[in-house]
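Written out below as structure tokens is the structure these notes cover.
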Amino acid sequence: MDLQPPRGTSDLLPPRSERMLRLYRSAGALAELYGYAYVETAILEPTELFTATSGESSDVVRKEKYTFEDRSGRSLTLRPEGTAPAMRAYLAKVHELPPLFKAYYIEPEWRYGRPQAGRLREFRVFGVEVIGTPDPGGDVEVIALADSYLRARGLSRFNLRINSIGDERCRPAYGEELSAYLEANRDRLVDEHRIRFQENPLRVLDCMDEGCVAVSSGAPKISDRLCDPCREHFAGVRSGLEGESVPHVLDPTLVRGLDYYTRTAFEFGSDELSPGQRTVCGGGRYDGLAEAMGASPTPGVGFGMGLDRVMLAQDGEGVAEAVDGVPRCFVVAVGEAAREWASRVVRTLRASGISAASGFEPRPLKAQLRMAGRSGAGFAAIVGEKEAGAGTVTLRRLSDGQQEELRLNDAAAWIHSQSETPA
RNA sequence: GUGGCCGUAGCUCAAUAGGUUAGAGCACCAGGUUGUGGUCCUGGGGGUUGGGGGUUCGAGUCCCCUCGGUCACCCCA
């Protein structure tokens with residue numbers, strides 16, 4: 001039997017699983033500090049939710065859908081992104097929720113494609129959404145939150161690019177102008193775009209093909225064509241970021257891959273990752289999303305952050321996150337007669353707030369001590385016939401071998417009094 | 001999804017131009033030390049060479065398919 005997880009998925013085991021849990025917990029803590037509520041949505045959605053919102057021309061819908069039919073013939077899709085499900089869930093319960101709804105989630109998402117490092121079919125995402133306000137303050141807050149999170153996770157070698165891609169008032173006109181321009185220069189575009197630009201001309205702008213780049217550089221810029229409200233909104237976002245001291249650069253070629261985005265688009269990229277997948281966090285405003293689902297207009301802004309990539313960026317920057325899940329004290333039982341007392345020791349330590357573990361099996365003392373050392377524990381509690389008879393426990397500091405025999409009731413206090421950093 | 005590279009013990013690797021029972025280090029287990037780990041010594045377990053098929057007297061080595069990883073592209077988290 002093949003023990004590998006399915007292609008493009010990954011198992012997480014210590015220490016990486018511990019680090020990932022750290023990323024989850026710190027994400028939750030930060031989001032809650034900003035006043036965001038935790039939400040969960042179904043991992044499966046009707047396929048239509050994504051085709052109707054992301055857009056038929058988006059890559060997610062065209063070739064990355066993880067789609068199958070259930071037993072009743074319904075087409076279901078493993079969510080490739082979190083915003084549409086979050087908005088769907090919000091709209092379904094809109095009357096029970098506050099008009100300004102700030103939500104965060106930590107969830108797996110799926111995209112079907114050829115996997116490589118930092119690009120998985122199943123990947124872990126920390127996302128936040130501010131639903132119910134068109135104010136640039138919302139944009140600024142989610143961006144500042146992402147920036148703050150990355151820095152708190154020890155990262156510094158990343159940058160933030162932002163752009164405004166307009167809204168339904170100014171984008172269509174710009175799109176036509178851009179289309180006309182691309183049409184006139186189509187012979188210089190890469191093959192794939194000669195046809196495709198008609199579906200969504202904005203897409204050509206972030207193409208890395210030499211010819212496309214050359215054409216893009218001479219193309220009309222959306223920033224020069226924004227309608228007044230969009231221009232004002234974007235100015236608000238930028239000055240807000242200045243006010244929050246969030247470093248960023250304007251990138252007129254930045255376009256989001258999903259159709260529902262309006263106005264603000266942004267991406268955080270890590271210098272530690274391969275150029276092709278350096279994006280660690282992407283997001284933007286989606287004031288048209290609710291309408292795409294047939295609901296009344298509801299503005300929103302948010303981001304999705306790829307935590308697998310955040311961890312890779314940490315690897316690249318040499319960030320060492322503290323590891324949990326290691327017992328403070330490893331209890332060693334010598335001989336059958338001491339086993340009962342040993343489990344009493346384990347219970348007592350735990351009741352005093354000291355994480356304690358044992359090896360379960362009656363192995364030789366040296367083997368158990370080896371296990372204690374391997375476990376990463378700071379201390380070993382040696383319990384044999386002698387201790388069992390005397391109601392004591394021998395505590396050994398594993399960093400230097402110093403040890404002391406104490407009454408069980410004094411053991412926890414003694415460990416607490418020791419240095420917090422066992423070697 | 002397109003193209004390239006890679007795949008030998010848990011890990012890192014070795015195995016002359018196809019040639020006998022596929023080796024080593026680390027890790028793991030046991031003993032030396034019947035109550036003291038991380039050092040040392042001795043011994044031990046562990047591989048259908050990713051899987052399948054083919055060529056050959058003979059395949060880890062050559063060919064095909066397949067699975068997986070990886071890099072670039074597409075695109076993004």
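All of these numbers come straight from a predicted model, not from anything done at the bench. Here is the naming used below: chain letters follow the sequence lines, and residue numbers restart at 1 for every chain.
- Distances shown here put every side-chain N or O of Arg114(A) at or beyond 4.0 Å from the OP1 or OP2 atom of rG69(B).
- A cation-pi arrangement is not found for Arg124(A) relative to Phe126(A), the charged atom failing to lie both closer than 6.0 Å to the ring centre and inside a 45° cone about the ring normal.
- Across all strands shown, nothing is found opposite rG60(B) as a Watson-Crick or G-U wobble partner with both distances under 3.5 Å.
- Using a 4.0 Å heavy-atom criterion, one finds that Gly401(A) contacts the bases of the nucleic acid, with or without backbone contacts as well.
- Looking at which nucleotide of RNA chain B each of Gly304(A) and Pro5(A) is closest to, the 5′-most match is held by Pro5(A).
- In this structure, CG of Leu307(A) is placed 15 Å from C1' of rC76(B), rounded to the nearest angstrom.
- Out of rU33(B), rG1(B), rC74(B), the shortest distance to the side chain of Lys366(A) is found at rU33(B).
- Among the heavy atoms of the strands, none lies under 4.0 Å from Gly283(A).
- Remark: the backbone N or O of Asp287(A) is paired with a side-chain donor or acceptor of Thr262(A) at under 3.5 angstrom.
- Here rC76(B) presents its P atom at 10 Å from OH of Tyr261(A), a figure rounded to the nearest Å.
- Nucleic acid contact class of Ala372(A) (heavy atoms, under 4.0 Å, all strands): none.
- At a cut-off of 3.5 angstrom, the base of rC74(B) holds at least one donor-acceptor pair with the side chain of Lys63(A).
- Base pairing annotation: rA72(B) forms a Watson-Crick or G-U wobble pair with rU2(B), both donor-acceptor distances under 3.5 Å.
- Atom CZ in Phe379(A) sits roughly 21 Å away from atom P in rU36(B) (whole-Å rounding).
- Side-chain atoms of Val334(A) lie closest to rG35(B) of the nucleotides rC28(B), rG35(B), rC75(B).
- Pair check for rU8(B) finds none; no Watson-Crick or G-U wobble contact set falls under 3.5 Å.
- Separation of the C1' atoms belonging to rU33(B) and rC67(B) is 50 Å when rounded to the nearest angstrom.
- Aromatic ring pairs are classed by plane angle as parallel below 30°, tilted from 30° to 60° and perpendicular above 60°; the pair Phe101(A) and Tyr90(A) is parallel.
- Counted by atom type alone, Glu129(A) and Tyr105(A) present one or more donor-acceptor pairs between their side chains at under 3.5 Å.
- rU21(B) makes up no base pair with any nucleotide shown, lacking Watson-Crick or G-U wobble contacts both under 3.5 Å.
- Among the heavy atoms of the strands, none lies under 4.0 Å from Val125(A).
- Residue Arg119(A) places no side-chain N or O under 4.0 Å from the OP1 or OP2 atom of rC74(B).
- Note: CZ (Arg16(A)) to C1' (rC11(B)) measures 16 Å, nearest angstrom.
- Among the atoms of the strands shown, none is found under 4.0 Å from any heavy atom of Glu405(A).
- Residue contacts for Glu385(A): at a heavy-atom cut-off of 4.0 Å it reaches a base atom on one of the strands shown.
- For rA72(B), one of the phosphate oxygens OP1 or OP2 lies less than 4.0 angstrom from a side-chain nitrogen or oxygen of Gln116(A).
- As judged by a 4.0 angstrom heavy-atom cut-off over every strand, Leu120(A) is placed among the base-contacting residues.
- For Gln403(A), the side-chain atoms get nearest to rU36(B) when compared with the rest of rG1(B), rC75(B), rU36(B).
- In summary, Arg161(A) and Glu267(A) engage in a salt bridge, as defined by a charged side-chain N under 4.0 Å from a carboxylate O.
- Within the 4.0 angstrom heavy-atom criterion, base atoms lie near Arg278(A).
- Nearer the 5' end of RNA chain B, as judged by each residue's closest nucleotide, is the contact made by Gly113(A), out of Val280(A) and Gly113(A).
- A donor-acceptor pair under 3.5 Å is formed between the side chain of His233(A) and the backbone N or O of Pro134(A).
- Using a 4.0 Å heavy-atom cutoff across all strands shown, Arg370(A) reaches sugar-phosphate atoms only and no base atom.
- Looking at the side chain of Arg396(A), the nearest of the listed nucleotides rC28(B), rU36(B), rG1(B) is rU36(B).
- With both pairing distances under 3.5 Å, rA15(B) is matched to nothing as a Watson-Crick or G-U wobble pair.
- Under the Watson-Crick or G-U wobble criterion, with both distances below 3.5 Å, rC29(B) is paired with rG43(B).
- Residue-level contact check: Arg124(A) touches neither bases nor backbone, having no heavy atom under 4.0 Å from any strand.
- Comparing rU70(B), rG31(B), rU36(B) against the side chain of Pro364(A) picks out rG31(B) as the nearest.
- Glu267(A) comes within contact range of no nucleotide atom at all, as no heavy-atom separation falls under 4.0 Å.
- Nucleotides rC63(B) and rC71(B) are separated by 25 Å at their P atoms, to the nearest Å.
- Here the separation of rC11(B) from rU16(B), taken at their P atoms, is 23 Å to the nearest Å.
- Rounded to whole Å, the separation between the C1' atoms of rG18(B) and rC29(B) comes to 37 Å.
- rG31(B) and rC6(B): their P atoms are spaced 46 Å apart (whole Å).
- Rounded to a whole angstrom, the distance from the P atom of rG25(B) to that of rG7(B) is 23 Å.
- Under the 4.0 Å criterion applied to side-chain N and carboxylate O atoms, Arg157(A) and Glu317(A) are not assigned as salt-bridge partners.
- Across rG10(B) and rC5(B), the matching C1' atoms stand 25 Å from one another, rounded to whole Å.
- Between rU20(B) and rC57(B), the two C1' atoms lie 13 Å apart (nearest whole Å).
- Taking every side-chain heavy atom of Glu387(A) into account, rG35(B) is the closest of rG32(B), rG35(B), rA77(B).
- Between Leu398(A) atom CG and rG37(B) atom C1' there is a gap of 7 Å when expressed in whole angstrom units.
- With respect to the salt-bridge test (charged N to carboxylate O, under 4.0 angstrom), the residues Arg397(A) and Asp400(A) qualify.
- Residue Lys386(A) contributes atom NZ, which lies 11 Å from atom C1' of rU36(B) at whole-angstrom precision.
- Defined by atom type and a distance below 3.5 Å, a donor-acceptor pair is present between the side-chain atoms of Thr392(A) and Glu405(A).
- Nearest to the side-chain atoms of Ala367(A) among the listed nucleotides rA30(B), rG69(B), rU36(B) stands rA30(B).
- The OH atom of Tyr112(A) sits 5 Å away from the P atom of rG1(B) (whole-angstrom rounding).
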